[in-house]
J.: 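Questions regarding the structure given below will be posed in turn.
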Amino acid sequence: MKKDYIKHMLYSGVIGIIFWVVGEVMYDLLTNKIWQPLGIATYFCIFAIIMIIGMYLLAIFRGDYNKAIDKGAKPISDNLGTIFLLIIVFFLSAGIFEFLYELGGKSIINEPTSYVFFD
């Protein structure tokens, strides 16, 4: 039982390292070379795809995927449309939120003009 936790932690670490490497390479390419809301949306979609693949592989390695299929669950090939739709929604929402964030402009911070010290 304890070995399963260690395997899962190692697996999560590997997925995290893969995303970190891909993310470091892609972030500069996506945010400095193209329109930033589009770049951020693409960046988040890459993250979602890596996580979906990672969760799918983890389910296969653990044997949960085959158990679910044996109990009558649909295979992932039947759910690709739903996954694709979720990625599109994720892409659009990330792009819209980044666009709205950029519309906010620079905030004006009120600098204090005097200080009061108590003894």
Side-chain angles (χ1 to χ4, degrees):
M1 184 92 169
K2 190 172 186 178
K3 290 182 182 180
D4 287 341
Y5 291 124
I6 293 171
K7 286 179 187 177
H8 294 167
M9 289 177 64
L10 288 173
Y11 181 77
S12 295
V14 168
I15 292 295
I17 289 170
I18 289 170
F19 181 71
W20 175 69
V21 169
V22 171
E24 285 295 314
V25 170
M26 297 302 288
Y27 185 77
D28 284 335
L29 293 173
L30 292 173
T31 56
N32 294 331
K33 306 281 190 245
I34 62 174
W35 185 48
Q36 192 157 356
L38 180 62
I40 293 296
T42 306
Y43 181 80
F44 277 101
C45 280
I46 292 169
F47 175 73
I49 291 167
I50 289 173
M51 292 307 297
I52 288 169
I53 292 170
M55 288 186 296
Y56 174 68
L57 291 175
L58 179 61
I60 288 175
F61 291 146
R62 288 179 51 184
D64 293 343
Y65 183 74
N66 292 332
K67 289 177 191 174
I69 296 297
D70 291 342
K71 291 182 180 179
K74 293 180 180 178
I76 196 158
S77 59
D78 290 350
N79 296 319
L80 288 178
T82 304
I83 292 170
F84 183 71
L85 182 65
L86 288 172
I87 290 174
I88 295 264
V89 168
F90 196 63
F91 176 79
L92 291 174
S93 61
I96 289 169
F97 286 127
E98 177 64 23
F99 178 73
L100 292 174
Y101 176 76
E102 287 184 4
L103 285 180
K106 299 186 190 280
S107 63
I108 299 172
I109 299 173
N110 293 328
E111 293 291 329
T113 56
S114 63
Y115 299 93
V116 177
F117 296 100
F118 291 101
D119 191 22

J.: Let me confirm one number: the CE-OG distance from M55 to S12, rounded to the nearest 0.5 Å.
T.: 11.0 Å
J.: Do M26 and V21 sit in the same hydrophobic cluster, where Ile, Leu, Val, Met, Phe, Trp and Tyr count as joined when their side-chain heavy atoms come under 4.5 Å apart?
T.: no
J.: With a 4.5 Å heavy-atom cut-off, do I87 and I52 have their side chains touching?
T.: yes
J.: Please step through side chain to side chain contact (heavy atoms under 4.5 Å, CB included) for the pair L10 and V14, ending with a clear verdict.
T.: CA-CA 6 Å; L10 288 173; V14 168; 5.5 Å; no
J.: Given the rule that I, L, V, M, F, W and Y join up when any side-chain heavy atoms are under 4.5 Å apart, are I17 and V25 in one cluster?
T.: no
J.: Tell me whether M51 is reachable from Y11 by hopping between hydrophobic residues (I, L, V, M, F, W, Y) whose side-chain heavy atoms are closer than 4.5 Å.
T.: yes
J.: Look up atom CD in E98 and atom CG in L103, then write down how far apart they are to the nearest 0.5 Å.
T.: 10.0 Å
J.: Enumerate, atom names and distances included, each donor-acceptor pair closer than 3.5 Å involving a side-chain atom of residues 37-49, sequence neighbours excluded.
T.:
residue : atom : partner : partner atom : Å
T42     : OG1  : L38     : O            : 2.8

J.: As an exercise, state the distance from CD of E102 to CZ of F97, rounded to the nearest 0.5 Å.
T.: 14.5 Å
J.: Would you say I83 ends up clustered with L57 if hydrophobic residues are merged whenever their side chains have heavy atoms under 4.5 Å apart, either directly or through other cluster members?
T.: yes
J.: Between F19 and I50, which heavy-atom pair has the shortest distance, and what is it?
T.: CD1-CD1, 3.7 Å
J.: Does L85 belong to the same Ile/Leu/Val/Met/Phe/Trp/Tyr cluster as F91, with side-chain heavy atoms less than 4.5 Å apart forming each link?
T.: no
